[in-house]
2 protein chains.
Amino acid sequence: MKKLGMIYEGKAKKVFKTDDENLFIVDYKDDATAFNGLKKGQISGKGAVNNVMANIIFQMLEKKGIPTHFVEQLSERETLVTAVKILPLEVIIRNVTAGSFSKRYGVEEGRVLARPILEFSYKNDELGDPLINDDHILALELATEEELEEVKRYSYIINDNLKEFFLEIGLKLVDFKVEFGKQMDGKIILADEISPDTCRLWDAVTNEKMDKDRFRRDLGNVEETYQEVLSRVQKKG
Amino acid sequence: MKKLGMIYEGKAKKVFKTDDENLFIVDYKDDATAFNGLKKGQISGKGAVNNVMANIIFQMLEKKGIPTHFVEQLSERETLVTAVKILPLEVIIRNVTAGSFSKRYGVEEGRVLARPILEFSYKNDELGDPLINDDHILALELATEEELEEVKRYSYIINDNLKEFFLEIGLKLVDFKVEFGKQMDGKIILADEISPDTCRLWDAVTNEKMDKDRFRRDLGNVEETYQEVLSRVQKKG
């Protein structure tokens, strides 16, 4: 597999073409950003943690019936994935109130929700990734009605499986963000990553934050926490 | 009917108790605000225009099967209405892109939508009336699932009837906001007002703005426009 030109550089990853038009190579960076890019930094070792962790979780989800972009891990930071066009939507599922939900609606953090909340953001840095509803998504033609239903169905299944997976390694899944992509044949599959960058994970016993909030909120022990989460995931995975 | 103590003062209206616990009196003000209260002013005669116009439209909607709070107009600015507890939700329906939708999602104004967009805002001045989705509404217990479905069903019917009503008097209904209330027996009815304060109305021929955007955007002829809209509504109503 030949790594060819870079086709996209995001805040945490680079994506490269390969000599097979159906495959991309994802290269994870240590760069960390928060608050729509206003806060910038580095978390040493993060790229490797997120790559390895996402790959373990994607393989677990494949076994549960969720199609993902994962093909093969190439190195500590590089993974071969199915080539997709990312839908310009972030899907957020919340099990416990926190973060932007708490801020936007004036609700304290840590309230366990009777049932999960699903929300969409429009992936658009210039606009600040605004909250968006189903009617808006269809009007802006960001996805078709069928794609939207599939994305929601997959997201709830992912939540059920992730909640269980993390609880078994002593972590509460507070909320998380996923992105989906469309294959050349139109099929929707899970893409991007699942990592401490994209999940809020609280220690099941101490409620200690074990995710990117340590970076966002300057809580210290950022690198150690990422390594600790990976180590728990690897023991289970 | 005796007008007793004021129970609520909003930006554009005061609400008073009466000696019948099932009835309130609404008193319309000339005060105008925009941008979540950041811009303040007066539109001379607005209170009377909005009162009379809302009453004509509410009676039209009653005939179309929409239950409303309207009981009887008491004076130029005062109306007797059914006592309700207002649901803390603004229901916005959009037929043409404009205003906060265009700003939030980076879309030019004036694009006719293939089908109406329905969106909710959480009525909360401190939080800036943020956009909210169905899952959020249920999690925050702002309405039950049944109430939410009823509110949506009514809103689409209101849109169909308002579009037709306004077109017959040479006005395009770009978007509008409505609020619903809960009667003591739990029944959901249309409350608040329908007026140039709460609708975007563009002249069907010239596309001239015939609504509160003249105040928001300092377009001049504010009072004259409110009077012109009322006069067209009265001719038809």
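So you know, we letter chains A, B, ... as the sequences are listed, proteins then strands, and number each from 1. Small disclaimer: the values here were computed from a predicted structure and weren't measured.
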**Q.** Check ion pair B/R111-A/E141 (N to O, under 4.0 angstrom)
**A.** no
Q. Looking at NE2 of B/H136 and OG1 of A/T97, how far apart are the two atoms once the value is rounded to the nearest 0.5 Å?
A.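 Separation between the atoms: 11.5 Å.
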Q) Side chain, backbone, both or neither: which part of A/I117 has a non-hydrogen atom closer than 4.5 Å to chain B? A)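 A/I117 touches chain B through backbone and side-chain heavy atoms alike.
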[X], [atom1]: over 12 other non-hydrogen atoms inside 6.0 angstrom:
X     : atom1 : result
B/K17 : NZ    : no
B/K64 : NZ    : no
A/K39 : NZ    : yes
A/K11 : NZ    : yes

Restricting to non-hydrogen atoms, name the atom on [X] and the atom on [Y] that form the minimum distance, rounded to 0.1 Å.
X      : Y      : answer
B/A139 : A/L113 : CB-CD2, 3.8 Å
B/D135 : A/P116 : OD2-O, 4.0 Å
B/Y105 : A/I132 : OH-CA, 3.3 Å

Q | Flag, side chain of B/N133 to backbone of A/L118, donor-acceptor distance under 3.5 Å | A | yes
Q | Max heavy-atom pair count under 4.5 Å with chain A, selected residue of B/K103, B/R94, B/E145 | A |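 It is B/E145.
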Q. Do any of residues 160-183 of chain A have a heavy atom less than 4.5 Å from a heavy atom of chain B, and if so, which, in residue order?
A.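 The residues closer than 4.5 Å to chain B amount to none at all.
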Q: With sequence neighbours left out, write down each residue that passes ring pair (Phe, Tyr, Trp, His ring centres under 6.0 Å) with A/Y154, or none if nothing qualifies.
A: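 Listed in chain order: nothing, the list is empty.
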